[in-house]
Each structure stands twice: as structure tokens, then as C-alpha cells.
Amino acid sequence: MKLLLYFFLFLTSVSAFAQPGAPDAAAVKNNYTKYEYQIPMRDGKKLFTSVYVPKDQSKKYPFMMDRTCYSVAPYGADAYKTSLGPSPQYMQDGYIFVYQDVRGRWMSEGIYEEMTPELEVHKTNKDVDEGTDTYDTIDWLLKNVANNNGKVGVWGISYPGFYTTTALLSRHPALVAASPQAPIADLYRDDAFHNGGFMLVANFGFYPGFTNRQDDKPTQRRGPRFDPGSEDGYDFFLKMGSMRNTNVKYFKDTIRLWNEMMDHPDYDQHWKDRNVLTHLHDIKTATLVTGGWYDAEDLYGAINTYKVLAAKNPNTPVYFAMGPWVHGGWARGAGDHLGDVDFGGPSAPFYREKIEFAFFSHYLKGTPLNLPKVSAFQTGANQWKTYNTWPPAPAKEKNLYFLPGGKLSFTAPAAAKDSYNEFVSDPNKPVPFVNNKTMDMDREYMTADQRFTAKMPDVLTYQTDVLTGDVTLAGNIWANLKVSTAGTDADWVVKVIDVYPDTATNNKFTRKEVQMAGYQQMVRSEAMRGKYRTGFDKPTAFKPGQVSPVNFELQDVLHTFKKGHRIMVQLQSSWFPLIDRNTQQFQDIMKAKDDDFKKATHRVYTSKVHPSFLKVRVM
């Protein structure tokens with residue numbers, strides 16, 4: 001959902017984000033006629049919709065629709081977008097393009113709800129959601145836009161990816177193809193709280209600009225940019241103090257959506273209603289789910305939307321594409337590197353032409369299709385792989401154990417004596433998530449060199465011996481920790497790292513100040529707020545000094561640790577300001593005061609009786 005630049009930058013690039021390609025409004029105008037409609041919904045509200053119809057009326061065209069909360073601008077029948085469709089091929093091939101402001105946003109009527117709760121039953125015309133709004137829109141388009149072929153495709157990235165998922169729930173018979181891309185699936189888990197840890201820097205920079213209206217009055221006004229007066233997020237948020245100060249010092253209780261997050265730190269009914277995964281049954285529409293291995297915002301949404309769709313709708317064509325991309329990175333650009341890490345060549349053009357365009361062309365226009373169920377880019381080895389299922393059937397579960405002396409091994413600890421590593425976590429001196437000054441969630445952090453934290457006293461490091469052969473992980477990773485703390489709450493951050501050999505050479509993307517020899521590339525990482533270890537809706541205090549299991553998912557990877565490399569795991573209890581600080585006391589952290597943050601000694605156990613390990617899937 002969050003594009004993690006200041007929102008004014010997002011607004012200037014939103015058209016390019018959704019419709020990549022060379023900007024040329026004149027070319028669009030020469031080939032398409034634009035119409036603007038207020039399409040009525042079943043409850044009487046009207047949704048603002050822009051429709052671009054090919055001037056060549058010698059044949060019938062399918063619809064390609066994008067529903068968005070980020071504006072269908074430019075407004076005005078004579079103001080044209082600079083590009084249409086997911087990529088330039090669509091505009092050249094000919095479709096009727098539809099862009100709609102969703103309910104309560106920009107020029108559409110109604111009150112906006114964040115990730116509108118979907119209803120299983122719609123008894124009256126007042127029972128509306130994004131599914132019914134999509135159904136009513138499709139029905140109106142079929143009847144009122146001439147020269148259509150009766151088929152509709154929907155696509156969208158990020159929040160529009162969620163609206164694409166909800167389009168599936170319309171279950172309109174004319175909706176024959178949909179591609180949710182980086183879709184939010186569960187707002188709590190995708191964008192707000194990762195396993196209970198609040199995604200601070202991403203959300204703080206997003207909501208002021210996103211909030212351009214909080215009533216039912218249509219507007220073209222943009223939200224104001226928040227100016228922190230600093231480019232140093234670590235310093236800014238540390239000086240801000242506790243989370244309650246976001247309102248005391250800055251927002252002044254003026255942002256409804258922000259307050260909804262602050263008021264619901266637990267996974268309560270507010271969030272459960274915003275989990276669209278529970279509704280993805282009885283889907284007949286062919287679906288292509290797309291995501292990026294380095295999507296810092298909605299990796300969970302892409303992976304789990306695919307898994308649920310495939311499991312609950314076995315007779316429906318469901319495809320899955322995952323590449324080495326950041327949030328939306330497949331829609332534009334080359335996708336050939338991230339930060340210092342080289343992916344061996346462009347990956348995004350292959351997706352746009354051979355996967356996405358081929359998918360929509362087949363289902364909307366009847367062209368041939370030879371598309372595997374799963375197309376996944378294998379990082380480390382830098383090659384595309386195809387599978388019939390995800391995770392791949394050959395991947396077998398193994399445990400990767402933390403051992404005394406900072407060792408990491410597929411062999412379980414054997415010593416009878418209990419053992420552990422301990423460190424002091426000081427929330428007033430948290431571990432930074434990047435090695436540079438930034439007020440953003442820099443997307444490069446997901447592959448960034450972790451040498452800057454490796455020797456910090458509050459970061460534990462475990463690593464294997466030098467690998468004598470390639471090791472490929474395919475599927476999700478689960479952290480199974482045995483821990484204790486002197487406090488009553490603690491965060492646990494686990495980072496899986498690919499350690500390059502000393503013989504590794506720089507590539508064309510390596511920055512001058514970096515050496516790839518010994519590079520510690522982050523492959524997957526995640527945080528867990530310990531009080532939610534027994535359930536995200538059931539916070540439970542730690543008993544000081546008592547060993548407790550803390551288990552959580554780090555999500556999926558397809559990565560090869562090459563022969564000569566090492567596998568490393570770093571473990572820490574702060575990751576700032578990517579996630580907010582834990583007071584290390586059992587309390588509502590959103591209401592904590594500045595003096596509630598306390599030091600605590602944490603232990604991670606590495607023994608036979610109390611083993612800590614990662615559960616991985618090895619090819």
C-alpha cells in the first residue's frame with residue numbers, strides 16, 4: 001500500500017507507477033477518446049470513472065479496468081493520461097481502458113473505509129462493499145459503453161491490487177481475468193503491524209499525504225506533505241519519543257485512519273474484518289497473482305493471496321509470478337538489480353511480455369497461452385524457474401539450528417548442558433535498520449549489506465561453515481526461538497543473510513564505497529513482538545527469566561546460497577525506525593510514555609533441551 005516516498009513524490013509518479021511506458025498524452029489522445037462518468041451504485045452513491053475508448057471502431061474490444069484510491073487524474077474530458085494499461089503493449093493492441101476512483105476517494109461519493117470489509121451476504125441494497133461496487137461498475141459498462149466484446153479484465157498494484165482481489169468477489173460472469181499485484185490481503189499483517197511490530201517509518205510518512213478528505217465531499221485536492229525538517233529518520237523518531245507523541249506533537253488527532261491504527265494494536269475485530277483472504281472461495285475468474293521477493297510493503301499479500309486462491313479454488317486457473325522486485329518493480333524499469341546486488345540481467349520485461357500480457361491477451365482476446373502455474377525468479381542463481389505448485393513439491397523441510405559459539409548448522413545441538421547467548425537491549429539506543437540517514441523505508445534495505453550491524457553488542461550472529469555445495473531454499477521460513485527476558489515484553493528480529501566469499505568481485509551496480517568481498521546480503525527478515533507469541537489477538541506477558549517459545553513466519557524465498565558462501569542469521573530486539581520501539585514492558589505501546597522504555601537482558605537458547613532454529617524448505 002505505501003510506496004514509501006513522501007506522498008507528494010508518489011502523486012507525481014502515480015500514473016507512471018500504474019501505467020509504465022514513455023509518457024505521451026498526445027499519442028493517447030490521437031488513438032483514444034476519453035469519457036468521464038459518475039456510475040451509480042446499488043445504494044445510490046456515484047463513483048467517478050474515466051473511460052478511454054479506441055477511436056478505431058472497426059472491431060469490439062474487451063475492458064481493462066483499474067480501481068484505485070490514488071486518483072484517476074487527470075480530470076476533465078480533454079485531459080488525457082500519458083499512458084494506458086499495465087504496459088505500452090496494451091495501448092497498442094487495443095482495449096477499452098477504465099479507471100475508477102473508489103468509494104470515498106477523490107471524485108467519488110461516499111465515505112472512505114480503509115480496506116473496506118467485505119460481506120459474505122448482501123441482503124439489501126445498503127449492503128455494499130468493493131465487490132458489489134465492482135459488480136455494479138461492470139454491469140453499467142457493459143450496457144453503456146459501445147463496441148465492447150463482453151469481457152472484462154482487472155489489474156492493480158498495491159492498494160489497487162486489493163481492489164483487484166475484491167473484484168474477484170464481485171463474481172460477475174463478464175470478469176474473465178484479474179491480476180492482483182502486490183495486493184494487500186490482511187491490512188494488519190501487510191502494512192500496519194508485522195507480527196505486532198508497528199511499521200513506523202512507512203506509515204508515518206504516508207498518511208498525511210494520503211488523507212486528502214475524510215468526508216463524503218468529492219475533491220481533487222491532494223493531501224498535504226508532512227515536512228519533518230530532517231532527513232535523519234533515526235534521529236527524528238528517537239527525539240519524537242513514544243508513539244503517543246505522533247498525535248501530541250504532529251498529527252493532533254486529525255487523521256482518522258492513523259488513529260484507527262493507534263487504537264487497535266492487537267489483531268481484534270477491526271483488523272479481522274479487513275482480512276480479505278477469508279472470502280476467496282467460489283472464484284471462477286482466471287487470476288494471475290504477482291509479487292516481488294523484495295517487496296517491503298505487501299510481500300505477505302501476494303504470497304498468501306496466491307496460496308489461498310489456489311487451495312480454495314482448485315478448478316480455477318490461478319497463476320503465480322514472483323521476481324526479484326521491489327513493490328511494483330515489475331511494472332516499469334529493468335528489474336536487473338537492487339542496491340549493490342546484481343540479478344544478472346533485466347527480469348521485468350520478461351514478466352510484462354511473456355507472463356502478464358500473454359495472460360490478459362489469452363483470456364480477453366483468445367490468443368494462445370503457454371503459461372506455467374508458477375513462474376519464480378531464483379535469486380542467488382539468477383534464473384527463472386517454473387513449477388506446478390508453490391512451494392515446489394521437491395522442497396523438503398529441514399531445521400537450521402543456532403549452536404553455541406555462533407555456529408549455524410543443519411545438525412541439532414547434542415550437548416546435554418543448557419546453553420544460551422545473551423545481550424542487553426536498550427530501546428533508547430535501538431539498532432538501526434539501514435546504514436544511512438533516511439526519512440523513508442529505503443527499498444534497498446531488503447538486500448543491504450548487514451556488516452554494519454554484525455559486530456554490535458546487541459546483535460547476535462550465527463553462521464554456517466563455508467558451503468561445500470549450493471543450498472537452495474524454496475518456500476516459507478519459520479523462526480522457532482527459545483528465549484527469555486528480564487523484562488515482560490521484547491521484540492525479536494531475525495535476518496537471514498547470504499555471506500559472500502572474500503573472493504567475490506564488484507559488479508556494475510556496486511557503489512564505490514562498498515566491496516562485494518565478504519558482503520552480507522540480507523535475503524529475508526522479519527520482526528515479532530513477543531507478547532503476541534500465543535496469538536495476535538491475545539497479548540501475553542513474559543515471565544522474567546522463564547524460557548518461552550517464540551515462533552513466527554519470515555515468509556517465502558527462492559534463493560540459492562552458492563558454494564563458497566555462508567548462511568548467516570542475525571538476531572536482535574530493535575530495528576529502528578522500520579518498526580517502533582518496544583518499551584520491554586507489558587503494556588499498550590501506543591499509549592506508552594517517554595519514560596516507559598527500559599533496558600532488558602535477553603537470552604537466546606542454543607541447547608538440546610531448548611533448541612532455537614529456523615524451519616526451512618530445501619530443494
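Note that the coordinates shown come from a computational prediction; the quantities given were computed from them, not determined experimentally.
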Problem set entry | Over-ring placement of Arg533 relative to Phe542, 6.0 Å and 45° cut-offs | yes

Exercise. Which atoms form the tightest heavy-atom contact between Leu460 and Glu422, and what is the distance?
Worked result: CD2-O, 4.3 Å

Problem set entry | Separation between CG of Leu338 and CE of Met446, rounded to the nearest 0.5 Å | 9.0 Å

Exercise. Do Phe433 and Pro577 come close enough that some side-chain heavy atom pair is under 4.5 Å?
Worked result: yes

Exercise. Do side-chain atoms of Thr583 reach the backbone of Ile589 as a donor and acceptor pair under 3.5 angstrom?
Worked result: no

For this session: Given side-chain contact (heavy atoms from CB on, under 4.5 Å), test Thr438 with Glu231 step by step and report yes or no.
Result: CA-CA 5 Å; Thr438 179; Glu231 293 301 319; over 6 Å; no

Exercise. Are any non-hydrogen side-chain atoms of Phe613 and Phe402 less than 4.5 angstrom apart?
Worked result: no

For this session: Report the distance from atom CD of Gln555 to atom NE2 of His194, rounding to the nearest 0.5 Å.
Result: 7.0 Å

Problem set entry | Donor-acceptor side-chain pairing of Tyr462 and Asn421 below 3.5 angstrom | yes

Exercise. side-chain contact (heavy atoms from CB on, under 4.5 Å) between Arg529 and Asp489: does it pass, once the steps are laid out?
Worked result: CA-CA 8 Å; Arg529 185 140 290 168; Asp489 192 15; 4.1 Å; yes

For this session: Show the numbers, then the answer: is there a side-chain contact (heavy atoms from CB on, under 4.5 Å) between Arg524 and Lys495?
Result: CA-CA 6 Å; Arg524 183 60 73 235; Lys495 301 183 294 188; over 6 Å; no

Exercise. Are a donor atom and an acceptor atom from the side chains of Ser419 and Thr606 found within less than 3.5 Å of each other?
Worked result: yes

Exercise. Within the side chain of Asp580, is there an N or O that forms a donor-acceptor pair under 3.5 Å with the backbone of Phe198?
Worked result: yes

Problem set entry | Distance-only polar pair, side chains of Gln378 and Thr560, donor-acceptor under 3.5 Å | yes

Exercise. How long is the gap from CG on Asp491 to CG on Asn582, to the nearest 0.5 Å?
Worked result: 4.0 Å

Exercise. Is any side-chain N of the basic residue among Glu297 and Arg189 closer than 4.0 Å to the acidic one's carboxylate O?
Worked result: no

Exercise. Counting distance only, does the side-chain N/O of Asp298 pair as donor-acceptor with the main-chain N or O of Gly301 below 3.5 Å?
Worked result: no

Exercise. Heavy-atom distance under 4.5 Å between the side chains of Ile497 and Val523, does that happen here?
Worked result: no

Exercise. Relative to the ring of Trp293, is the ring of Trp390 parallel (under 30°), tilted (30 to 60°) or perpendicular (over 60°)?
Worked result: tilted

Problem set entry | Heavy-atom closest pair, residues Phe509 and Asp336 | CZ-OD2, 3.5 Å

Problem set entry | Which atom of Leu187 lies closest to which atom of Ile184, heavy atoms considered | CA-CG2, 3.9 Å

Exercise. Are Trp384 and Phe377 an aromatic pair by the rule of ring centers under 6.0 Å?
Worked result: yes

Exercise. Does any N or O in the side chain of Tyr306 come within less than 3.5 Å of the main-chain N or O of Val289, such that one atom is a donor and the other an acceptor?
Worked result: no

For this session: May I ask you to check whether Tyr351 and Trp325 place their ring centres under 6.0 Å from each other?
Result: yes

Problem set entry | Shortest non-hydrogen contact between Leu408 and Ile567, atoms and distance | CD2-O, 3.5 Å

Exercise. Is Thr290 close to Glu356 at the side-chain level, that is, under 4.5 Å between some pair of heavy atoms?
Worked result: no

Exercise. Which pairs count as salt bridge (charged side-chain N to carboxylate O under 4.0 Å, His left out) when at least one residue sits in residues 546-573, sequence neighbours excluded?
Worked result: Lys307-Asp556, Asp470-Lys562

For this session: Please check if the distance between the ring centroids of Phe561 and Tyr500 is under 6.0 Å.
Result: no

Exercise. Do the non-hydrogen side-chain atoms of Leu571 and Leu481 ever get within less than 4.5 Å of each other?
Worked result: yes

Problem set entry | Any donor-acceptor pair under 3.5 Å from Tyr420 side chain to Ser484 backbone | no

For this session: State yes or no: are the ring centers of Tyr532 and Tyr267 separated by less than 6.0 Å?
Result: no

Exercise. CG of Asn506 to CG of Asp342: how many Å apart, nearest 0.5 Å?
Worked result: 11.0 Å

Problem set entry | Distance-only polar pair, side chains of Gln181 and Thr164, donor-acceptor under 3.5 Å | no

Problem set entry | Ring centres under 6.0 angstrom apart (Trp492, His602) | yes

Problem set entry | ring-ring contact (aromatic ring centres under 6.0 Å, His included) evaluation trace for Tyr387 with Phe320 | CA-CA 10 Å; Tyr387 305 103; Phe320 188 39; over 10 Å; no

Problem set entry | Backbone N/O of Lys482 and side chain of Ser612: donor-acceptor pair under 3.5 Å | yes

Exercise. Does Asn428 reach the main-chain N or O of Lys598 with its side chain, forming a donor-acceptor pair under 3.5 Å?
Worked result: no

Exercise. Do Leu554 and Trp478 have side-chain heavy atoms sitting under 4.5 Å apart?
Worked result: no

Problem set entry | Nearest-0.5 Å distance that lies between atom OH in Tyr188 and atom CE in Met261 | 12.0 Å

Exercise. Can any side-chain N or O of Ser607 pair as donor or acceptor with the backbone N or O of His610 at less than 3.5 Å?
Worked result: yes

For this session: Would you kindly say whether Ser425 and Gln584 are connected by a side-chain donor-acceptor distance under 3.5 Å?
Result: yes

For this session: Working to the nearest 0.5 Å, report the span between CZ of Arg581 and CG of Leu200.
Result: 9.5 Å

For this session: Could you tell me whether the side chains of Asp191 and Asn203 share a donor-acceptor contact shorter than 3.5 Å?
Result: no

For this session: Show your reasoning for whether side-chain contact (heavy atoms from CB on, under 4.5 Å) applies to Thr379 and Tyr294.
Result: CA-CA 11 Å; Thr379 57; Tyr294 304 116; 3.4 Å; yes

Seminar exercise, completed: Closest heavy-atom pair, Gly291 versus Ala302, reported as atoms and distance to 0.1 Å, is CA-CB, 3.8 Å

Exercise. Are the aromatic rings of Tyr401 and Phe410 close, with centres under 6.0 Å apart?
Worked result: no

Exercise. On the ring face of Tyr319, is Lys373 found with NZ or CZ under 6.0 Å from the centre and within 45° of the axis?
Worked result: yes

Problem set entry | Distance-only donor-acceptor check, side chains Gln521 and Gln450, under 3.5 Å | no

Exercise. Between Ala348 and Gly333, what is the shortest heavy-atom contact and its length?
Worked result: CB-O, 3.5 Å

Problem set entry | Flag for Tyr519-Asp340: side-chain donor and acceptor within less than 3.5 Å | yes

Exercise. So, Asp266 side chain and Phe536 main chain: donor-acceptor pair closer than 3.5 Å or not?
Worked result: no

Problem set entry | Check: Lys615 side chain, Asn399 main-chain N or O, donor-acceptor pair, under 3.5 Å | no

